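Here is the structure we will look at, set down as structure tokens.
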Amino acid sequence: MTLDRRNFIKGALAVTMLPQPAHAGADDALPLKTRAARRGIVFGTAVRRSALEKDPDYARAVIRDCAILVPEVEMKWGVIERTRGVRDYAAADWLVTFAAKHGLALRGHTAAWHGNLPPWAKDALRGPDGKAIFDHHVRDLIGHFAGKLSDWDVVNEAIFPGNRLPGGFGNTILYQQFGRSYVIDPFFIARQADPKALLFYNDAKLYYDDSDHAARRRHVLALLEWLKAGEAPLDGLGIQGHLDAGGPKISPDYRAFLKDVAGLGLKITVTELDVNDRLLGPDAAQRDRAVADHAKEFLDITLDERAVGGVLTWGWSDRYTWLNGAHKWARTDGLRNRALPLDEQNRRKPLWHAIAAALDGAPDRRT
Ligand code: G3I
């Protein structure tokens with residue numbers, strides 16, 4: 001027996017020994033990836049190399065339920081090229097090997113984003129070679145993984161209606177320096193660098209019933225239309241899905257938005273699902289219920305649109321959620337967020353069951 005096979009069997013045995021919730025029924029044995037596949041949907045999560053390496057219990061839980069992974073930070077420019085000219089793919093390559101070893105697909109995230117830029121790039125992008133430096137980053141990044149990734153979030157978060165620029169574009173360094181070309185050019189570069197990967201535009205805040213989300217829906221749709229009109233090799237829209245339990249309601253216009261996107265011939269993937277509980281009181285059981293109910297409502301509507309072919313959560317265990325960082329999205333009462341399908345002990349929470357129910361109830365895309 002090979003070492004890989006022994007590890008697989010050891011992993012499979014350990015998985016069956018994971019703690020189960022008191023109300024677990026027979027069907028709870030079915031992993032989320034299997035439920036999703038039965039509907040023609042791919043299910044997965046964002047991961048970090050450091051957590052997968054140091055926490056085998058978490059790694060097993062990820063492998064058990066997920067068919068696709070996306071690196072939470074390892075493919076961002078600030079990680080790849082911390083020092084100008086020294087491109088370090090070690091952490092991302094580790095994830096490529098991990099995914100291949102466990103038979104999982106891998107999504108790239110993200111090539112063109114104003115966030116997580118290396119500090120040196122802020123001056124360099126403003127210099128005379130700025131666009132060449134930017135294009136080179138996109139080409140080298142996507143080319144490095146050519147043939148190994150199934151999808152790419154090529155461009156991330158270009159729309160910020162609050163900045164009041166034409167087209168709803170964010171007033172970011174990339175837009176200031178290169179205008180709209182920073183959104184369209186990366187798709188052409190990406191297709192050339194990796195002809196097989198599906199190429200997505202990825203953005204946030206597209207589903208709630210408030211003026212910001214409504215403006216974003218309008219601007220993102222116009223952006224997708226513009227990309228299509230420019231014959232950009234665009235395959236789909238990534239809807240991030242950073243939900244807020246106890247916040248605004250889902251917009252009655254969200255279904256029509258999904259339909260409009262599908263009408264452009266695009267695929268849709270929920271790319272960064274988590275449910276922030278910062279607006280809820282301290283009671284953990286109540287938070288877990290509200291988080292699960294809100295995700296179920298969002299997923300039921302979203303998965304009803306057959307163009308939605310994938311769901312990825314933005315993390316798998318509360319132990320590692322980005323929402324516990326020091327930023328404005330964190331809870332203000334000092335409690336840790338319970339935003340993800342597993343708790344800090346890697347035990348399933350009601351959110352896991354809500355996702356299972358939403359996947360089970362989704363229309364079958366295969367027929
Ligand atoms: O790895 C360094 C570590 O060496 C250093 O000591 C430490 C000091 O702050 O920073 C560590 O890097 C952090 C990194 O996460 C890894 O944990 C960065 O500071 C921190 O800014 C970074 O945050 C990530 C953020 O994107 C920026 O890249 C979050 O984990 C990640 O969840 C978040 O993900 C974004 C998506 O890409 C796009 N959509 C929104 C989503 C949430 O903000």
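Here the structure is a predicted model, which means the values were calculated and not measured. Because only heavy atoms are used, hydrogens play no part in the values below, and waters and symmetry mates are left out as well, while side chains stay in. When a ligand or atom number is given, it counts from 1 through the structure's own listing order.
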Any side-chain donor-acceptor pair under 3.5 Å between [X] and [Y]?
{"X": "N324", "Y": "N337", "value": "no"}
{"X": "T321", "Y": "R338", "value": "no"}
{"X": "Y320", "Y": "D55", "value": "yes"}

Quick one: pull up [atom1] in [X] and [atom2] in [Y] and give me the separation to the nearest 0.5 Å.
{"X": "R191", "Y": "D235", "atom1": "CZ", "atom2": "CG", "value": "4.5 Å"}
{"X": "R39", "Y": "T34", "atom1": "CZ", "atom2": "OG1", "value": "12.0 Å"}
{"X": "S317", "Y": "R348", "atom1": "OG", "atom2": "CZ", "value": "13.5 Å"}

- Query: Relative to each other, are the rings of H102 and F98 parallel, tilted or perpendicular (30° and 60° limits)?
  - Reply: tilted

- Query: Is there side-chain contact between Y254 and H213, with heavy atoms separated by less than 4.5 Å?
  - Reply: no

- Any chance you could lay out the salt bridge (charged side-chain N to carboxylate O under 4.0 Å, His left out) test for R82 and D88, step after step, and finish with the verdict? CA-CA 8 Å; R82 231 175 144 115; D88 180 1; over 6 Å; no

- Message: Name the residue from T269, V42, V270, L273 that meets the side-chain contact (heavy atoms from CB on, under 4.5 Å) definition with L312.
- Response: T269

Protein non-hydrogen atoms only, distance under 4.0 Å: does [atom] have such a neighbour?
{"atom": "atom 12 (O) of ligand 1", "answer": "no"}
{"atom": "atom 8 (C) of ligand 1", "answer": "no"}
{"atom": "atom 30 (O) of ligand 1", "answer": "yes"}
{"atom": "atom 38 (C) of ligand 1", "answer": "yes"}
{"atom": "atom 21 (O) of ligand 1", "answer": "no"}
{"atom": "atom 2 (C) of ligand 1", "answer": "no"}

Heavy-atom contacts with [X] under 4.0 Å: which atoms of ligand 1 show up? List them by number with element.
{"X": "E157", "answer": "38 (C), 39 (N), 40 (C)"}
{"X": "N116", "answer": "27 (C), 28 (O)"}
{"X": "N156", "answer": "38 (C)"}

Please report which non-hydrogen protein atom sits nearest to [atom], along with the residue it belongs to and the distance in Å to one decimal place.
{"atom": "atom 41 (C) of ligand 1", "answer": "E272 OE1, 3.4 Å"}
{"atom": "atom 17 (O) of ligand 1", "answer": "R48 NH1, 3.0 Å"}
{"atom": "atom 15 (O) of ligand 1", "answer": "V73 CG1, 3.6 Å"}
{"atom": "atom 4 (O) of ligand 1", "answer": "R82 NH1, 4.5 Å"}
{"atom": "atom 25 (C) of ligand 1", "answer": "K76 NZ, 3.8 Å"}
{"atom": "atom 32 (O) of ligand 1", "answer": "E72 OE2, 2.5 Å"}
{"atom": "atom 43 (O) of ligand 1", "answer": "W322 CZ3, 3.4 Å"}

- Message: Determine whether R278 and D333 satisfy the following criterion, salt bridge (charged side-chain N to carboxylate O under 4.0 Å, His left out), listing intermediate values before the conclusion.
- Response: CA-CA 9 Å; R278 73 193 152 135; D333 59 3; over 6 Å; no

- Which residue, F145, W152, W77, W314, forms the ring pair (Phe, Tyr, Trp, His ring centres under 6.0 Å) with H109? W314

- Query: Closer than 4.0 angstrom: is that true for some heavy atom of W314 and an atom of ligand 1?
  - Reply: yes

- Report yes if some N/O of W113 lies less than 3.5 Å from some N/O of ligand 1; otherwise report no. no

- Nitrogen or oxygen of H109 less than 3.5 angstrom from that of ligand 1: yes

